[in-house]
Amino acid sequence: MAINKKELVGTVAEKLGSTKKDAALALEAVVESIKGHLTEGQDVQLVGFANFTQKVVPAHSMVLGLTGETIEVPERTQYKAKMSKTLVK
């Protein structure tokens, strides 16, 4: 069962003994920091939790299976999150 952001904020507030508003600000700061580092080309490693990485996928040609038409796929950045082995166990 998945929880949403609101439920996560409530859990964080409870663990910190703070308000939900403060917990929401802290969670948002963490998320924005991770996004900022990734867009700057830096990977983020949170030991015991996850690694967040990015890589540039170069432009390439692709053939559509049904029509046989060749299209050009532009360069793009791909983001990945890999959970820690200790978390998966």
Under 3.5 Å, which donor-acceptor pairs do the side chains of residues 56-74 form with other protein atoms, sequence neighbours left out?
residue, atom, partner, partner atom, Å
H60, ND1, P58, O, 3.1
S61, OG, E72, OE1, 3.4
S61, OG, E72, OE2, 2.7
T67, OG1, E69, N, 3.2

Quiz item: Among pairs that include at least one residue of residues 75-84, which meet salt bridge (Lys or Arg N to Asp or Glu O under 4.0 Å), considering only residues two or more places apart or in two chains?
Solution: none
Under 3.5 Å, side-chain donor or acceptor atoms of residues 24-35 against the rest of the protein: list the pairs with distances, not counting sequence neighbours.
residue, atom, partner, partner atom, Å
E28, OE1, K5, NZ, 2.6
E32, OE2, K35, NZ, 3.3
S33, OG, A29, O, 2.8

Quiz prompt | Closest heavy-atom pair and its distance - L38, F52 | solution = CD2-O, 3.6 Å
Would you tabulate the side-chain donor-acceptor contacts of residues 12-23 under 3.5 Å, counting partners in other chains and residues two or more places apart, or write 'none'?
residue, atom, partner, partner atom, Å
T19, OG1, D22, N, 3.1
T19, OG1, D22, OD2, 3.3

Could you list the donor-acceptor pairs under 3.5 angstrom formed between side-chain atoms of residues 41-50 and any protein atom two or more places apart in sequence or on another chain?
residue, atom, partner, partner atom, Å
Q42, OE1, H37, ND1, 2.6
D43, OD1, Q54, N, 3.4

